[in-house]
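To start, the structure under review is shown below, and the notes come after it.
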Number of protein chains: 2
Amino acid sequence: MITSLKNHIQRFVNPSEKEMNHFINMVELENIKNKQFILKEGHYCNYNHFIINGCFRSFFINKKGVEKTVNFGIEDWWLTDFDSFINKTQTKLNIQATEDAIILKISKFNFDTILQNSLEINKYFRIILERVRIADQRRIQYMFNLSGEELYTTFYKYNPEFVQRIPQYMLASYLGFTPEFLSKIRAKKHS
Amino acid sequence: MITSLKNHIQRFVNPSEKEMNHFINMVELENIKNKQFILKEGHYCNYNHFIINGCFRSFFINKKGVEKTVNFGIEDWWLTDFDSFINKTQTKLNIQATEDAIILKISKFNFDTILQNSLEINKYFRIILERVRIADQRRIQYMFNLSGEELYTTFYKYNPEFVQRIPQYMLASYLGFTPEFLSKIRAKKHS
DNA sequence: TATATTTCTTAATCTAGATTAAGTTTTTCA
DNA sequence: TGAAAAACTTAATCTAGATTAAGAAATATA
């Protein structure tokens, strides 16, 4: 269970056994049911979550009352609302399982504690954040540059298995358009 | 000159004098003229740049040949193309000064070297990346949720002085619409 | 200080994608 | 296993913002 986190860490950095165990002892295992929330709008995000198994989406509700999917998270991803987690502000986001899931979570207190002194764990999170930055920048560039249809086909090309894993309306929301428009795109493709 | 970087570091972390000097000795000062490029499409991004003074924009050229502004950077910001810098790939971005500027730059080699062993510098970049992540997420949420007019008024509200500092067409591009449309918004406001 | 270049504006026309609404298919779970 | 809920489709109409084009202001530079 915990080995999937250990493996993930060792893919990027080389902590001593002591450092690794120190970190590992700080995380809590949790089983999450499909549709269960691990963060709700208005609350404080006190945890960073590592997904061992399953899938989550984070979304907010816009002025018109429509759910907007901001991110997905699957196996081997860290998921939190950094704005709330770091700045201790009320979150505007909801994070909800889209499948039964198993996660490890670390509290803000433990997160701060380990990062106070551990070189390798600092490296680990820095490296992850560099990769997240690359992904965010790429996404912003796609959003600017591609039509709805191109966004869908590009996403499909790079994540074919994932498209099967979530309802279409969530994907539409993530890509920034309506489910009706996604239907239209797909109808065009298959004809 | 270099003290603005020292101050920035000390705002977030507390390196020993030795650690600080080690890092400081790795950066190079450079004067940049308005419109000068510090990164050009097709090249490898070998540096991370800290802006002491001045303003930069990063942009790419889309399929239609239109410049799309991805980011701005001003005083006390680190600016690079992480995708190219980390993964050693050819960049698709251009980074260009929009004013005469003074920067400090650190090579990928030196960046890797200092981060190999320095706890505090790892913390520093991790913390910066957490903040960048927060900004990126906020931007993505704005792009999803706000109309063109709202994007402009929101940007103006939080960055009134900055709006004066750059040509309107760059801001329009950054916000994801055409300069003509920005003109229209402004005409509406002032009437 | 005149001319070239860059930036900004206005207005007419066009289009990708939203909205609305109704029906269909699939999944869930009692 | 059958009813209710969730997810998806289709089609008509509408709109925010793009495109095109031309002129006006502002800024840079010789």
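Each chain gets a letter, A, B and so on, in the order its sequence line appears, and its residues count up from 1.
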Please determine whether a side-chain nitrogen or oxygen atom of B:Lys64 lies at a distance below 4.0 Å from atom OP1 or OP2 of D:dT19.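 Indeed, a polar side-chain atom of B:Lys64 lies that close.
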Under 4.0 angstrom between B:Thr178 side-chain N/O and D:dG17 OP1 or OP2: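 For D:dG17, neither OP1 nor OP2 has a side-chain N or O of B:Thr178 closer than 4.0 Å.
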Atom-pair distance ([atom1] on [X]; [atom2] on [N]), nearest Å:
| X | N | atom1 | atom2 | value |
| --- | --- | --- | --- | --- |
| B:Leu182 | D:dA16 | CG | P | 17 Å |
| A:Lys33 | C:dC29 | NZ | P | 10 Å |
| B:Gln96 | C:dT6 | CD | C1' | 13 Å |
| A:Ile185 | D:dT9 | CD1 | C1' | 14 Å |
| B:Tyr152 | D:dA16 | OH | C1' | 18 Å |
| B:Phe181 | C:dT9 | CZ | C1' | 15 Å |
| A:Arg186 | D:dA7 | CZ | P | 15 Å |
| A:Glu149 | C:dG17 | CD | C1' | 12 Å |

Taking the side chain of A:Phe177 as its heavy atoms from C-beta onward, which of C:dG17, C:dT19, D:dA7 lies nearest to it?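 The answer is C:dG17, which lies nearest to the side chain.
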Nucleotide nearest A:Ser147 when distance is taken to its side chain, options C:dG17, D:dG17, D:dT19: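 It is C:dG17.
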One pair to check against ring pair (Phe, Tyr, Trp, His ring centres under 6.0 Å): B:Phe155 and B:Tyr174. What are the steps and the verdict? CA-CA 10 Å; B:Phe155 189 89; B:Tyr174 175 76; 5.7 Å; yes
Do any pairs count as a side chain to side chain donor-acceptor pair (under 3.5 Å) and have a residue in residues 10-19 of chain A, sequence neighbours left out, and if so which ones?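 Qualifying pairs: A:Glu19-A:Ser118.
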Pair A:Lys123 + A:Glu120, salt bridge at N-O below 4.0 Å: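 Yes, this pair counts.
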Under-4.0 Å salt bridge between A:Arg126 and A:Glu130: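 Judged by the 4.0 Å cut-off on N to carboxylate O distance, A:Arg126 and A:Glu130 do form a salt bridge.
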Measure the angle between the two terminal helix axes of the helix from C:dT1-D:dA30 to C:dA30-D:dT1, five base pairs each, and quote it to 10°.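 Computed from the C1' atoms at both ends, the axes differ by 60°.
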Each residue besides [X] in its hydrophobic cluster should be listed here, by chain and number; the cluster joins Ile, Leu, Val, Met, Phe, Trp and Tyr at side-chain heavy-atom distances under 4.5 Å.
| X | value |
| --- | --- |
| B:Tyr47 | none |
| A:Phe59 | A:Phe37, A:Ile61 |
| B:Phe144 | A:Ile140, A:Met143, A:Phe144, B:Ile140, B:Met143 |

Mutual orientation of the aromatic rings belonging to A:Phe125 and A:Phe23 [parallel < 30°, tilted 30-60°, perpendicular > 60°]: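 Answer is perpendicular, since the angle exceeds 60°.
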Please find the pair of heavy atoms, one from A:Cys55 and one from A:Ile74, that lie closest to each other, and give the distance.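 What the structure gives for the nearest pair is SG-CG2, 3.8 Å.
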List for me each residue that meets salt bridge (charged side-chain N to carboxylate O under 4.0 Å, His left out) alongside [X], sequence neighbours excluded, and say none if there are none.
| X | value |
| --- | --- |
| A:Arg57 | A:Glu67 |
| A:Glu41 | none |
| B:Glu28 | none |
| B:Arg139 | none |

Protein-nucleic acid N or O pairs under 3.5 Å, nucleotides 11-14 of chain D:
none

Where along residues 155-172 of chain B does a heavy atom come under 4.0 Å from DNA chain C, residue by residue in number order?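 DNA chain C contact set from residues 155-172 of chain B: B:Pro167, B:Gln168, B:Tyr169.
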Name the residue closer to the 5' end of DNA chain D, choosing between A:Ser183 and B:Gly176 according to the nucleotide with the nearest heavy atom.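 Taking each residue's closest nucleotide, the earlier one in sequence belongs to A:Ser183.
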Taking the six-membered ring for Trp, is the centroid-to-centroid distance between A:Phe56 and A:His49 below 6.0 Å?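 So the answer is no for these two rings.
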Grab the N/O contacts between the protein and nucleotides 25-30 of chain D below 3.5 Å, and write none if there aren't any.
none

